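Here's the structure we're looking at; comments come further down.
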Amino acid sequence: MSARPAIPFGIWCVFLAVLAGVLAVWSQDPLPPILLGGASAATGLTALAVALRVRMGSGPNARANREHELIPDLSFFTFVVAVGLVAMAIGTVFGFWLVLVGIGTLAGGLLGLVRELYLGHKALEHTAANNRSRRGG
Amino acid sequence: MSTAARLVLPRPLSLLAGTDHKSLGLRIAVTAFVFFLAGGVLALLMRSNLASPTSQVVTPNTYNELFTMHGSTMIYLFVTPLALALGIYLVPLQIGASDIAGSRLALLSYWLYLGGGLTMYLGFFTSSGPGRAGWTAFDPLSNSANTPGSGMDLWIVGVTLATAGSFLLAACILATVVRRRAPQMTMLRMPVFSWTMLVTALMTVTSFPVLCLAMVLLFIERHLGGVFDSPGGPIAYQNLFWFYGHPVVYVMFFPFVGAVAEVVAVFSGKRFFGYRPVVLSLLAFTALSMSVWAHHMFATAQVANQYFSLTSTALVVPAGVEYFDLIATMWGGRIRLTAPMLFALGFILQFLIGGLSGIFIGSPPLDYHVHNSYFIVAHFHYTLFAGSVFALFAGVYYWFPKVTGVMLREGLGKAHFLLLMIGTSVTFIPMFFLGWEGLPRRVATYPPNFQALNIIASSGAIVIAVAIAVFLANVAASLYRRVPAGDNPWEGHTLEWLTTSPPPRHNFTAPLPTISSYAPLLDLKTAEMAHER
């Protein structure tokens, strides 16, 4: 499978690298070229990751578009994870007690997400098994 | 066939936990619009204070809070999330996908964004008040000695959360484009809007983490010190901040340019002119935009002025390509002056004014004269409000039928456009002259000789408020007395117009047609007409 989806990332990486190189010559402060060079490197790594995933067959195809069957229409525990993260963040202002509340909420949310994922996979396996037995029968 | 028989309110649990990308995009958009109204109220308070040179509608300290929260709301909480929300809703539909990649991550992003926004506003309830060091929070103004109190800390935490949410949304959009395109939808068959979302997401994921880093460091500086208190510390903060702060203005621009491109093509009855040059120019424009940030720092004399002036001026090349292609698309076309098209034309004219003023201040000697003055305020309001918000409304009027299944009232839409054009011009054109004559920004009072232009600007702000009220009335009337839209009321060219209005849970129930270009429905129509002949 062609790695064309990686091309925009690759173009960007090269463009940013050239700009970072010119800036490194012109700038007396090292921070600006470091920032721009870092952005180039990050984009280059993304291009590589995209190219590898596409070559491994994870690009656009029917299976990728069926992944929606693993995602439930409602994910309450994602909301719980968000509440935990926000509570932890606000806790840095209002006090450690709120950070602890946030950690507890986050832990509960993550456990709930793991359960959601597990149940989703079980449901998909069950459906696939039923389909196989119907075709065989 | 449209399924919009009547307005169906979402269940409370689906508002909290729904993973459908369309519902999510709508939630982000509505939340962002509520923040826009809040930011607008803050602006009206500012303009009330500025209507008179010695007016004390608010105290100077409160005025600092107003301009800080107004700018913060509009950038962190309104335009940026709304730009990404357009992508969350529309990109899967345009590329033939059944859903967004990383639905749970996108849901998490929404709650981080909303949590961040509410955290920022929580500062109003503290004894020290909310953040008041500008939306940029430059050190040392924003350190604990100069801006004490928990309100500023809450502002920092809120910005970090909202930015993290935006970052994750962009990551989902990137992953969707890479992994969820329909089998025939190659990269060079994606619609122009989807390309603008791709480059927007690229800028977001590379620059937004730097703002989160800057905010964390600022928080540490305020509580422990030792981060920015060296001689080069303030400049280091500005480099970190503006490395995010310039790309973000393009994050607030490109999705709406994409919307305008779609609107112009459809309402000219033609294919978009110069698709491949525009794709290349988008990549070049956004890469260049990552390397211009220190033009905000010319006056510090601590950055390479020649380099940043060169890259800033070079932006005119890809911008020119895009303008040329928009005009060429309309040239010789069968123009329909509907509300979306009027807003698109308004964007093209007004962004030109804002953009050209940007080239002007991209020259350091000219910038020295107008830096930190109302000229700068006029420049960024012309690009972001007169530009991006007009393009946003073009997109809203264009896609509202698809999202809701009903049409917005055309008459009210045109009234909204006319009022907003007048209000925008009356509010922001005087600011160019105010800045040129030397009125600095972020001041609660001013010398009496600036009063006349300030009164004109404040009057214009009231007209803008009336225009927004007309828009809200249009939405309410259209949702109450529903005129069904059908699947493709505008004869749109791209895949979202193939499915029902509003689209079903997984977007497409029927097989997709052959995709051989970025305008598959136009190709289908052309083939059908050729077959009939």
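In this text, all values refer to a predicted model and were calculated from it rather than measured experimentally. Quick note: numbers below take in every heavy atom, side chains included, and nothing from hydrogens, waters or symmetry partners. Within every chain, numbering begins at 1; the chains are lettered A, B, ... in the order of the sequence lines, protein sequences first and strands thereafter.
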Answer with side chain, backbone, both or neither: which region of [X] has an atom nearer than 4.5 Å to a non-hydrogen atom of chain A?
X: L213(B); answer: neither
X: I156(B); answer: neither
X: A101(B); answer: neither
X: I100(B); answer: neither
X: F308(B); answer: side chain
X: M190(B); answer: neither
X: L161(B); answer: side chain

Is it the backbone or the side chain of [X] that comes under 4.5 Å from a heavy atom of chain B, or both, or neither?
X: L74(A); value: both
X: T92(A); value: both
X: F94(A); value: side chain
X: V22(A); value: both
X: I11(A); value: side chain
X: D73(A); value: both

Minimum heavy-atom separation for [X] to [Y], with atom names?
X: A287(B); Y: L19(A); answer: O-CD1, 3.7 Å
X: A82(A); Y: L112(B); answer: O-CD2, 4.5 Å
X: S27(A); Y: A304(B); answer: CA-CB, 4.1 Å

(message) Evaluate Y307(B) against V25(A) for side-chain contact (heavy atoms from CB on, under 4.5 Å), listing each step before the verdict.
(response) CA-CA 10 Å; Y307(B) 173 88; V25(A) 169; over 6 Å; no
Is any side-chain heavy atom of [X] less than 4.5 Å from a side-chain heavy atom of [Y]?
X: F15(A); Y: S291(B); result: no
X: F243(B); Y: L31(A); result: no
X: L117(A); Y: R104(B); result: yes
X: T286(B); Y: W12(A); result: yes
X: Y244(B); Y: L35(A); result: no
X: L16(A); Y: M290(B); result: yes

Show your reasoning for whether side-chain contact (heavy atoms from CB on, under 4.5 Å) applies to D29(A) and V303(B). CA-CA 7 Å; D29(A) 184 347; V303(B) 296; over 6 Å; no
What residue, out of [options], has the most heavy-atom pairs lying under 4.5 Å from chain B?
options: G38(A), P32(A), S40(A), A87(A); answer: P32(A)
options: F77(A), F79(A), F76(A); answer: F79(A)
options: V80(A), L36(A), L23(A), V93(A); answer: L23(A)

query: Roughly how far, to the nearest 0.5 Å, is CZ of F9(A) from CG of L283(B)?
result: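 Separation between the atoms: 10.0 Å.
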Exercise. Decide side-chain contact (heavy atoms from CB on, under 4.5 Å) for L107(B) and S75(A); before the verdict, give the C-alpha distance in whole Å, the side-chain angles of both, and the deciding distance to 0.1 Å.
Key: CA-CA 8 Å; L107(B) 176 63; S75(A) 179; 4.2 Å; yes
Counting heavy-atom pairs under 4.5 Å with chain A, which one of [options] comes out on top?
options: L288(B), V157(B), T311(B), V210(B); answer: V157(B)
options: A284(B), A294(B), G232(B); answer: A284(B)
options: H223(B), M187(B), Q302(B); answer: M187(B)
options: L202(B), L16(B), T206(B); answer: L202(B)

May I have the step-by-step check of side-chain contact (heavy atoms from CB on, under 4.5 Å) for L108(B) and L85(A), ending in yes or no? CA-CA 10 Å; L108(B) 176 71; L85(A) 288 170; 4.2 Å; yes
